[in-house]
Amino acid sequence: MIRHLTLGTRVLLSLCAAALITACGTMSAKDDPIVSAPPASSAAGVALGDDEVLSRLGTLPSQQLAAGECGLFLWAKREDTPLVFFQRSTGPAFMDVDGAFSELARTNAEDAIGLQFHQLQQFTAADMQIRVSITPEQTQSLQRGLKLPSGSISVVTGDGWSVSIPVAGAIGCR
């Protein structure tokens with residue numbers, strides 16, 4: 001049956017399975033799940049591609065949350081499912097830009113999900129304009145974890161080059 005699923009569905013199922021395995025393996029005494037990125041199949045900092053934009057964007061290392069903190073994790077929808085975007089509820093958002101773990105400056109946010117997370121956010125980093133658009137699944141709360149089955153990260157450089165990366169992810173709290 002799995003061979004009949006689309007690549008996007010298989011990637012989403014892999015992300016969900018990895019998140020569940022991570023959460024189950026790190027339960028505290030109070031059964032509060034610790035949410036972190038699944039083990040990366042590719043090394044952190046590896047460029048996402050070789051064109052004018054993707055060569056400037058890289059994978060992020062796995063991220064841990066402090067007690068009482070929530071995070072938004074987005075993985076690229078492709079075979080190796082690299083973590084490409086991370087945002088803390090208590091601080092900024094991050095991507096790997098030009099080989100560095102870069103803090104993104106948010107310039108706009110619309111359609112609040114909760115805390116500082118939004119369905120549409122716009123950021124700047126280096127000479128890039130970054131637009132993050134996500135669609136949350138409405139069956140869970142932030143404290144219990146929220147699946148983000150679809151979304152995209154669109155990047156436009158100062159030179160006019162652009163790319164759109166399909167993503168899936170989760171918002172989880174510890």
Side-chain angles (χ1 to χ4, degrees), residues 8-9 11-16 18-20 22-23 32-38 40 44 48 53-54 56-78 81-98 100-158 160-174:
T9 303
V11 168
L12 185 58
L13 288 173
S14 296
L15 286 171
C16 290
L20 286 174
T22 301
D32 292 330
I34 296 174
V35 177
S36 65
L48 296 178
V53 182
L54 291 177
R56 296 184 59 196
L57 303 174
T59 60
L60 294 175
S62 63
Q63 302 294 310
Q64 297 292 321
L65 297 173
E69 184 178 48
C70 297
L72 186 156
F73 302 84
L74 295 176
W75 294 274
K77 282 187 176 180
R78 61 184 211 187
T81 62
L83 180 64
V84 294
F85 179 90
F86 174 68
Q87 182 177 18
R88 294 185 185 281
S89 59
T90 59
F94 296 93
M95 288 181 71
D96 181 319
V97 178
D98 294 328
F101 190 73
S102 300
E103 183 175 320
L104 307 179
R106 185 163 63 185
T107 59
N108 189 37
E110 300 174 18
D111 299 324
I113 297 171
L115 301 174
Q116 73 169 8
F117 305 123
H118 294 78
Q119 291 185 48
L120 176 62
Q121 299 183 85
Q122 294 176 327
F123 302 92
T124 59
D127 67 332
M128 297 180 176
Q129 299 296 315
I130 301 165
R131 181 178 186 266
V132 177
S133 176
I134 54 175
T135 303
E137 185 178 79
Q138 298 297 324
T139 60
Q140 296 289 327
S141 69
L142 283 178
Q143 290 300 322
R144 293 182 132 324
L146 188 62
K147 294 178 194 172
L148 308 169
S150 66
S152 65
I153 297 174
S154 300
V155 179
V156 178
T157 68
W161 293 102
S162 64
V163 69
S164 183
I165 305 164
V167 295
I171 297 173
C173 299
R174 177 172 181 208

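All figures in this text were calculated on a predicted structure; none of them were measured in a lab.
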[atom1]/[X] to [atom2]/[Y] distance, rounded to the nearest 0.5 angstrom?
X    : Y    : atom1 : atom2 : value
I113 : C70  : CD1   : SG    : 12.0 Å
E137 : L148 : CD    : CG    : 9.0 Å
Q122 : T107 : CD    : OG1   : 5.0 Å
I134 : I171 : CD1   : CD1   : 5.0 Å
S133 : H118 : OG    : NE2   : 13.0 Å

Exercise. Got a sec, which residues hit side-chain contact (heavy atoms from CB on, under 4.5 Å) with E103, two or more places apart in sequence or on another chain?
Worked result: P92, F94
Exercise. Can you list the residues that meet the side-chain contact (heavy atoms from CB on, under 4.5 Å) rule with S102, with sequence neighbours excluded?
Worked result: V97, A100
Exercise. Between the side chains of E69 and S89, is a donor N or O closer than 3.5 angstrom to an acceptor N or O?
Worked result: no
For this session: Ignoring hydrogens and angles, state whether a donor on the side chain of Q121 or Q87 is under 3.5 Å from an acceptor on the partner side chain.
Result: yes
Exercise. Donor-acceptor pair, Q63 side chain versus R88 backbone, under 3.5 Å?
Worked result: no
For this session: Could you tell me whether a side-chain N or O of R78 sits under 3.5 Å from a main-chain N or O of L48, the two making a donor and an acceptor?
Result: yes
Contact summary for [X] and [Y], nearest pair of heavy atoms:
X    : Y    : value
A76  : I165 : CB-CG2, 4.0 Å
V84  : M95  : O-CG, 3.3 Å
R174 : A66  : CB-O, 3.8 Å
F85  : L104 : CE1-CD1, 3.7 Å
S152 : S164 : CB-OG, 3.9 Å
L83  : L74  : CD1-O, 3.3 Å

Distance-only check: which donor-acceptor pairs under 3.5 Å involve side-chain atoms of residues 123-132, not counting sequence neighbours?
from: D127; atom 1: OD1; to: R56; atom 2: NH1; distance (Å): 2.9
from: D127; atom 1: OD1; to: R56; atom 2: NH2; distance (Å): 2.8
from: D127; atom 1: OD2; to: G158; atom 2: N; distance (Å): 3.4

Problem set entry | Any side-chain heavy-atom pair of Q119 and P136 under 4.5 Å | yes
Exercise. How about S162 and T157: do any of their side-chain heavy atoms sit closer than 4.5 Å?
Worked result: no
Exercise. Per the ring-ring contact (aromatic ring centres under 6.0 Å, His included) rule, which among F73, F101, W75, F117 passes with F86?
Worked result: F73
